[in-house]
Amino acid sequence: MSLDSLLDLVPVIPVVVVHDAADAVPIAKALVEGGLPVIELTLRTPAALDAIKRIADEVPEILVGAGTVVDSAQPEQAAANGAQFLVSPGSTPSLRAAMRDSGLPHLPGVSTVSEVLTLLEEGYTELKFFPAEQAGGAKYLRAIHSPVPAARFCPTGGITPANMGDYLASPNVGCVGGSWLTPADVVGRKDWAEVARLARTAKAAAEAF
Ligand code: 3PG
């Protein structure tokens with residue numbers, strides 16, 4: 001899988017919160033089975049770094065990244081645990097420096113045109129748009145395309161199977177991200193077949209757009 005572009009790997013990047021690191025490997029395997037071999041493991045729980053390490057060690061067929069990168073120590077920690085890419089909901093100059101220093105491909109988060117222009121000046125062309133629905137949704141992203149065509153986005157935040165198509169139809173959207181593939185109740189009852197089914201359904205729907 002080429003990492004030249006994080007936006008062109010899969011149409012839907014699963015954004016995953018893991019409370020028990022033991023769930024990480026079966027979730028990763030279910031996503032691979034469902035045809036989405038990319039996982040953004042959010043650094044929102046104490047189990048997250050261990051979860052990333054377990055996936056990196058035991059499920060080499062998936063590309064594992066660290067999401068919710070919000071402080072400058074996290075990029076190096078994530079890389080040391082096997083993360084292959086980084087995603088941040090927003091960024092500061094020092095956070096972007098830390099992400100660059102990790103050597104990993106990364107998607108800094110933006111939600112305004114001025115942030116988009118700032119990051120383009122720094123050489124970024126691939127960005128996360130967060131929180132997508134609350135920050136203006138698919139119409140907002142489409143409106144940015146005309147004045148700022150060089151920027152491409154992975155919107156996340158409030159994306160569902162129902163609105164996914166509106167985003168994917170915008171010329172500056174490479175893929176979408178979301179947590180709906182691993183709902184807390186499904187993970188809670190360890191229903192890995194359901195995770196695989198949700199991934200398969202999302203992929204098929206996304207490819208139809
Ligand atoms: C993220 O970190 O990208 C978001 O929390 C995902 O948003 P969602 O839970 O609304 O899909």
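Order of appearance sets the numbers: ligands from 1, and atoms from 1 within every ligand. Only heavy atoms go into these numbers, but all of them, side chains included; no hydrogens, no water, no symmetry mates.
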Please determine, by modelled atom types, if [X] and [Y] share a side-chain donor-acceptor pair under 3.5 angstrom.
X: Lys128; Y: Thr156; answer: yes
X: Glu133; Y: Tyr167; answer: yes
X: Ser114; Y: Thr112; answer: no

Backbone of Leu49 reached by a side-chain donor or acceptor of Gln77 within 3.5 Å: no

Side chain to side chain donor-acceptor pair (under 3.5 Å) contacts in which one or both residues fall within residues 27-44, not counting sequence neighbours: Arg44-Thr68

Cationic N near anionic O, under 4.0 Å, Asp101 to Arg96: no

Neighbouring residues of ligand 1, heavy-atom cut-off under 4.0 Å: Val15, Arg44, Lys128, Phe130, Thr156, Gly157, Gly158, Gly178, Ser179

